[in-house]
Enquirer: 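Provided herewith is a single structure, encoded as structure tokens, for subsequent inquiry.
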Amino acid sequence: MLDTARRSIKRRIHRAAEAVTKALIRVFRLDARKLYYESSGILKHVGYASGEKWLVEQFLPRLLSDIDEPVLLDIGANVGEYSIALAKSLPSCRCYAFEPNPITFKELAANTGSISNIRLFNCGASSKGQRRRIFVYKSDSSTGHASLYRDVFKEFHLQDDGNIGSLACSMERIDELVESRIIAEAEIHFIKIDTEGHELESLKGMLGVIRGGGVRALQFEFNEMNVISRVFLKDFYDILGDEWSFFRLDTKKLISLGHRYDPANEIFKFQNIVAIRKCFLHHSCL
């Protein structure tokens, strides 16, 4: 009886809130989709709002609190801001930073040269080792938009062919680097992937590491670039499996994407997805 009354009250509150929201949107001509994005961790690109500061400084220290020397991978390190933040927040960690763009890599090396627990690799991560062309602006070869997909520049950065340049780069399988002891670690605990549409292919090259059980969390971008690479969020669910829970990173929290895959979350706008191995959820105090 009491439960029925509670459910009835909740329904009434929900209907009232919905009516008020619709009225506000209509009267003040608000963009409902933008409001949803802003409250859901979508289109929060840079700085404090992106949530990466909170993730690195508060969430990861809790998640990895029982590990003396956590091992972290920064795939798509660009000029090193994320790697530097990891090294500062987790001073006992060993961070491996990967950047395929040879021009950007020089900046990465200059920025991190004095930080002893960051090791650099001038290559990207993929499902197989190979030489590739990475596309850039002709006027800015060190751009953070560098991508293995030329159409990213044409479709989303609105560049003519004459404004698009390319550079040769190397791609490696993380599993091979671990197997050959180039990365000489017993376990890897956290992996961040920001590869402008190549995140799934990067992940495919490290499944051995992930299935080894040491990786507690993965952070990867999901956005418009996945339209070009023809990758769905479901592909990440399928490749990781039922051991993982998925969240969207907001400014100071993680927003659960539900207990199972939901097509409603296939939103091709900028967002950071955090996948956490379920057996480690209690470490993060979620």
Side-chain angles (χ1 to χ4, degrees), residues 52 55-56 60-61 63-102 104-132 134 146 148 168-196 198-221 236 239-240 243-244 274-277 280:
E52 288 187 338
L55 187 87
V56 169
L60 287 180
L63 182 69
L64 307 175
S65 60
D66 59 327
I67 302 173
D68 291 335
E69 296 181 335
V71 180
L72 321 170
L73 303 187
D74 183 359
I75 310 295
N78 196 248
V79 298
E81 289 183 9
Y82 198 103
S83 293
I84 293 168
L86 287 173
K88 184 180 294 185
S89 181
L90 299 160
S92 66
C93 79
R94 293 189 294 281
C95 178
Y96 293 84
F98 293 78
E99 176 50 52
N101 184 329
T104 306
F105 183 80
K106 292 178 181 179
E107 294 185 46
L108 172 64
N111 291 340
T112 61
S114 63
I115 305 174
S116 61
N117 58 340
I118 298 178
R119 182 179 175 187
L120 307 182
F121 290 85
N122 187 194
C123 63
S126 192
S127 55
K128 59 183 178 181
Q130 60 181 171
R131 295 287 289 174
R132 292 281 299 267
I134 190 167
L148 294 171
C169 69
S170 295
M171 307 301 292
E172 301 288 347
R173 292 179 65 247
I174 297 299
D175 282 346
E176 286 186 2
L177 297 180
V178 171
E179 289 162 8
S180 63
R181 306 293 291 172
I182 293 173
I183 297 178
E185 306 289 353
E187 287 187 340
I188 292 166
H189 304 105
F190 171 74
I191 302 171
K192 166 259 187 182
I193 311 173
D194 177 2
T195 53
E196 300 296 302
H198 204 64
E199 286 80 5
L200 184 67
E201 288 300 308
S202 300
L203 196 60
K204 287 178 180 178
M206 59 182 81
L207 289 179
V209 167
I210 291 169
R211 289 168 181 164
V215 179
R216 298 187 176 189
L218 297 155
Q219 176 193 344
F220 60 90
E221 281 195 4
F236 292 94
I239 201 170
L240 289 175
E243 292 180 59
W244 296 80
V274 179
I276 304 172
R277 199 182 294 271
F280 291 112

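None of these values were measured; they are calculated from a predicted model.
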Enquirer: Can you measure from OH (Tyr96) to CD (Glu185) and round to the nearest 0.5 angstrom?
Expert: 3.5 Å

Enquirer: Would you compute the distance between atom CG of Leu73 and atom CD1 of Ile188 and round it to the nearest 0.5 angstrom?
Expert: 4.0 Å

Enquirer: Do Cys95 and Asn117 have side chains that get closer than 4.5 Å, going by heavy atoms?
Expert: no

Enquirer: From Leu177 CG over to Ile183 CD1, what is the distance, rounded to the nearest 0.5 angstrom?
Expert: 5.0 Å

Enquirer: Does any part of the side chain of Lys192, heavy atoms only, come nearer than 4.5 Å to the side chain of Leu86, both counted from C-beta?
Expert: no

Enquirer: For a 4.5 angstrom cut-off between non-hydrogen side-chain atoms, does Ile191 reach Leu203?
Expert: no

Enquirer: For a 4.5 angstrom cut-off between non-hydrogen side-chain atoms, does Glu196 reach Glu221?
Expert: yes

Enquirer: Please round to the nearest 0.5 Å and tell me the distance separating atom CG of Leu72 and atom CD of Gln219.
Expert: 11.5 Å

Enquirer: What I'd like to find out is whether the side chain of Ile210 reaches to under 4.5 Å of the side chain of Ile239, using heavy atoms alone.
Expert: no

Enquirer: If the plane angle is over 60° it's perpendicular, under 30° parallel, otherwise tilted; pick one for Phe220 and Phe236.
Expert: parallel

Enquirer: Side chains of Arg119 and Arg94: closer than 4.5 Å at any heavy-atom pair?
Expert: no

Enquirer: Kindly give the heavy-atom pair with the smallest separation between Leu64 and Pro70, and that separation in Å.
Expert: CD1-CB, 3.9 Å

Enquirer: Quick one: pull up CG in Asn78 and CG in Leu108 and give me the separation to the nearest 0.5 Å.
Expert: 8.0 Å

Enquirer: Sub-3.5 Å donor-acceptor pair from the side chain of Ser127 to the main-chain atoms of Lys204, do we have one?
Expert: no

Enquirer: To the nearest 0.5 angstrom, please state how far the CG atom of Leu120 sits from the OG atom of Ser83.
Expert: 7.5 Å

Enquirer: Is there a donor-acceptor contact under 3.5 Å linking the side chains of Ser126 and Glu201?
Expert: no

Enquirer: Do Ile193 and Met206 touch side chain to side chain, with heavy atoms closer than 4.5 Å?
Expert: yes

Enquirer: Apply the side chain to side chain contact (heavy atoms under 4.5 Å, CB included) test between Ile75 and each candidate in Ile174, Asp194, Leu218; give the one that qualifies.
Expert: Ile174

Enquirer: Could you list the residues that satisfy side chain to side chain donor-acceptor pair (under 3.5 Å) with Ser170, not counting sequence neighbours?
Expert: Arg131

Enquirer: Under 6.0 Å from the CD atom of Glu176, do we count more than 12 heavy atoms belonging to anything else shown?
Expert: yes

Enquirer: Quick one: does Cys169's side chain get under 4.5 Å of Leu148's, heavy atoms only?
Expert: yes

Enquirer: How far apart are the closest heavy atoms of Leu207 and Asp175, and which atoms are they?
Expert: N-OD2, 3.3 Å

